[in-house]
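Quick caveat, the model's predicted, so the values are computed rather than measured. Throughout, residue positions are numbered sequentially from 1 according to the sequence presented.
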Amino acid sequence: MQKEEEKKKGGTPRSPKPPGSPTKKQRTKPRQFFREVMAEMRKVAWPTRQEVVAYSIVVLVSTIVIGALVYGMDYVFSRGVLKLFGINS
């Protein structure tokens with residue numbers, strides 16, 4: 001009801017800050033920031049050396065296989081296009 005009356009009057013209710021609006025947060029000092037970062041880093045489940053080596057090998061092998069597939073498909077398609085248009089290379 002109040003909204004309709006405000007619309008008729010042409011005004012809108014103005015308040016300094018609407019309820020639920022975020023307040024300005026204070027900045028964290030650098031020392032406190034690094035303390036919090038270090039506390040969070042202690043919570044991280046770090047992989048073992050064996051896990052890192054295993055994951056690295058999987059990534060390298062996958063990269064080589066995908067690269068070989070892309071190279072093979074590029075070679076086949078380029079030869080096909082050249083043959084289709086009768087271009088000798």
Side-chain angles (χ1 to χ4, degrees):
M1 187 78 165
Q2 287 178 339
K3 290 182 181 178
E4 290 177 14
E5 290 177 15
E6 291 293 329
K7 285 182 183 179
K8 289 178 184 177
K9 291 179 183 177
T12 58
R14 305 262 181 192
S15 62
K17 284 189 177 180
S21 67
T23 58
K24 187 175 180 181
K25 295 183 181 180
Q26 286 193 336
R27 293 182 61 114
T28 307
K29 294 182 180 177
R31 181 178 291 167
Q32 180 65 28
F33 173 76
F34 286 112
R35 280 186 196 148
E36 291 176 9
V37 167
M38 292 306 294
E40 289 296 321
M41 294 301 277
R42 284 186 208 105
K43 296 178 187 178
V44 174
W46 295 100
T48 64
R49 182 177 294 274
Q50 288 176 336
E51 290 173 331
V52 171
V53 169
Y55 296 153
S56 299
I57 291 171
V58 168
V59 168
L60 289 172
V61 169
S62 300
T63 303
I64 291 169
V65 168
I66 298 295
L69 285 172
V70 169
Y71 173 79
M73 290 172 58
D74 179 56
Y75 182 80
V76 168
F77 287 130
S78 64
R79 289 291 176 183
V81 168
L82 291 174
K83 190 165 226 83
L84 179 68
F85 289 111
I87 301 171
N88 294 330
S89 57

Anything under 3.5 Å between a donor and an acceptor, one on a side chain of residues 65-74, the other on a protein residue two or more places apart or in another chain? List them.
none

### Message
Any heavy-atom pair between the side chains of Met41 and Trp46 that's under 4.5 Å?
### Response
yes
#### Entry: With Ile57, the side-chain contact (heavy atoms from CB on, under 4.5 Å) member among Leu60, Val61, Val59
Val61
### Task
Keeping the roles fixed (side chain from Glu51, backbone from Thr48), state whether a donor-acceptor pair exists under 3.5 Å.
yes
### Message
For the CZ atom of Arg27 and the CD atom of Gln32, what is their distance to the nearest 0.5 Å?
### Response
14.0 Å
